[in-house]
Amino acid sequence: MSDAVPIVIYTRTECHLCDEAEATVRDVAEEADVPVDIDLVNVDADDELRETYGERVPYVYVDGRPAFKFRVDADRLREKLTAARSLD
């Protein structure tokens, strides 16, 4: 079995869009049978990240590449996960 696809989700405290993004990533990964390694990064915990991302969260990276801002499109995510997995 190949390694999990790394996912980084930049979030903020009490961010309902961030919660939705994480749930979508988990649901799509499960449906597509693609293992993922999700790293949740709270931008409020770091001055530099807060400056960089501010209110522009969730910001989602898939396999090291920027993929989504604000909302995760399930169909596009499925394509990205499948493509990342096929590169392994």
Exercise for the section: Mind jotting down which residue pairs meet the ring pair (Phe, Tyr, Trp, His ring centres under 6.0 Å) criterion with at least one end in residues 14-38? Sequence neighbours excluded, please. Expected result: none

Exercise for the section: Identify, with sequence neighbours excluded, every residue that meets ring pair (Phe, Tyr, Trp, His ring centres under 6.0 Å) alongside Tyr61. Expected result: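 Applying ring pair (Phe, Tyr, Trp, His ring centres under 6.0 Å) to Tyr61 gives Tyr10, Tyr59.
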
Using the rule that two of Ile, Leu, Val, Met, Phe, Trp, Tyr join whenever any of their side-chain heavy atoms come within less than 4.5 Å, decide whether [X] and [Y] are in one cluster.
X: Leu40; Y: Val62; answer: yes
X: Val25; Y: Phe68; answer: yes
X: Ile9; Y: Val41; answer: no
X: Val57; Y: Val8; answer: yes
X: Ile38; Y: Val34; answer: yes

Exercise for the section: Please list all pairs passing the disulfide (SG to SG under 2.5 Å) test where one or both residues lie in residues 3-40, with sequence neighbours left out. Expected result: Cys15-Cys18

Partners passing salt bridge (charged side-chain N to carboxylate O under 4.0 Å, His left out) against [X] (at least two apart in sequence or in another chain):
X: Asp19; value: none
X: Arg56; value: none
X: Glu14; value: none

Problem - Any residue meeting side-chain contact (heavy atoms from CB on, under 4.5 Å) with Asp37, in chain and number order, not counting sequence neighbours - result: Ala4

Under the side-chain hydrogen bond (donor to acceptor under 3.5 Å, both in side chains) test, residues paired with [X] that sit two or more places apart:
X: Asn42; value: Thr13
X: Glu20; value: Arg71
X: Arg26; value: Glu22
X: Glu31; value: Arg78

Problem - Pairs where residues 57-67 contributes a residue and the test salt bridge (Lys or Arg N to Asp or Glu O under 4.0 Å) is met, not counting sequence neighbours - result: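 Listed once each, the pairs are Asp63-Arg65.
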
Practice task
Answer whether the closest heavy-atom distance between the side chains of Arg85 and Thr82 falls below 4.5 Å.
Solution key: no

Handout entry: Member of Leu81, Asp75, Val36 meeting the side-chain contact (heavy atoms from CB on, under 4.5 Å) criterion with Val28
Key =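 Of the listed options, the one satisfying the test is Leu81.
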
Practice task
To the nearest 0.5 angstrom, please state how far the CD atom of Glu55 sits from the CZ atom of Arg12.
Solution key: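 It comes to 4.5 Å.
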
